[in-house]
Every structure is written in C-alpha cells, then in structure tokens.
Amino acid sequence: MKRHPALVPLSHDHHHGLVQAKRLRASAHGGDARAAARAFLRFFSDETVEHFREEEEQLFPLVAESDEAREPLVRVLLEHQRLHALAGRLAAQVEAGAPASELMAELGELLEQHIRYEERQLFPLIERLSPDLEPPVARDPAGPRAP
Ligand SMILES: [Fe+2]
C-alpha cells in the first residue's frame with residue numbers, strides 16, 4: 001500500500017523494527033542471547049523511544065478527537081507502555097546476567113504485531129481521517145535520523 005509521504009519516515013522505522021523484532025525472537029533460544037538482547041535494547045533506546053514519541057506527540061493527536069480512532073489509539077498507546085515495560089524488564093535481566101528466552105520472545109512478538117497493527121489498521125485510518133497530513137508530520141526524510 002502506498003503510504004502518505006508524511007508517514008513514510010515512521011513506516012521506514014517500522015521496517016527496522018520488524019527486522020529487530022525477528023532477530024530478537026530468533027536469538028531467544030540461540031547461542032548468545034545476552035548479546036542479542038543488548039543489541040535490541042540499544043535499538044530500542046536509540047530509535048524506538050523517539051519513534052513512539054513522534055507518534056504520540058505529533059501523529060496521534062491529529063485524530064485524537066475522532067470516535068473511530070479512539071479504540072485503535074487506546075490499543076497502540078497501551079502497547080507502547082507494555083513495550084517500555086518489557087524492555088525495562090529485559091534490561092534488568094541483562095544487567096543481572098542472562099535474559100530469559102521467554103521474555104525475549106514475548107517482546108519480539110509484541111513489537112512485531114504492534115507494528116503490523118499500526119501499518120495495516122491505524123496508519124490507513126489516519127490517512128483516511130486526516131488526508132491533509134502535511135510533511136513533515138515527523139522528521140524531514142533528509143534529516144539526521146534518516147538512514
Ligand atoms: Fe509505530
């Protein structure tokens with residue numbers, strides 16, 4: 001599906017997030033789970049935290065008054081909180097020694113289905129409810145955070 005230009009940087013982040021989520025799940029039962037968990041946590045703090053902030057502060061408010069958007073927004077906001085909570089638990093486990101494979105798998109799974117929900121349900125809804133999105137809703141694609 002063709003993304004509105006204003007949402008392209010966020011969708012680009014989603015692609016990175018899917019790669020990282022799959023990697024985390026795959027390493028949950030692999031050889032060096034601790035290194036994999038560390039790499040994921042670096043990605044989470046370097047990119048995901050800011051990504052959530054952009055969605056919450058710039059994008060979601062555009063449709064916050066819409067009844068139709070209420071349920072999807074509640075869902076994704078709660079998922080953002082759960083992802084923060086799971087990442088915090090994983091960081092504590094890494095500090096303490098070995099991260100639990102169940103937690104790594106759960107975090108990877110939640111991030112993956114969260115991203116798929118935003119891409120398949122929420123972003124199309126926002127595009128429909130708010131067709132006059134002005135780039136940059138988030139970043140300038142040529143800005144410093146672009147890959
Ligand atoms: Fe997102």
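Counting starts at 1 for both ligands and their atoms, following the listed order.
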Of all N, O or S atoms in H14, the one closest to the Fe ion (ligand 1) is NE2
Minimum-distance N/O/S atom that E55 presents toward the Fe ion (ligand 1): OE2
Side-chain donor/acceptor of R34 to backbone N/O of V94, under 3.5 Å: yes
Whether the side chain of R3 engages the backbone of E119 through a donor-acceptor N/O pair (distance < 3.5 Å, no angle test) should be reported.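 Flag set: sc R3 to bb E119 pair under 3.5 Å.
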CD of E109 to NE2 of H114: how many Å apart, nearest 0.5 Å? 13.5 Å
Can you measure from CG (L86) to CZ (F44) and round to the nearest 0.5 angstrom?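 Result: 8.5 Å between the selected atoms.
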Would R75 count as a cation-pi partner of Y117, with NZ or CZ less than 6.0 Å from the six-membered ring centre and within 45° of the ring normal?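 Yes, R75 and Y117 form such a contact.
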May I ask you to check if any N/O/S atom from H114 comes under 2.8 Å of the Fe ion (ligand 1)?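 Not a single backbone or side-chain N, O or S atom of H114 is under 2.8 Å from the Fe ion (ligand 1).
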Check whether any N, O or S atom of D13 sits under 2.8 Å from the Fe ion (ligand 1).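 Coordinating: no.
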With rounding to 10 degrees, what does the angle E118:OE1 / the Fe ion (ligand 1) / H51:NE2 come to? 170°
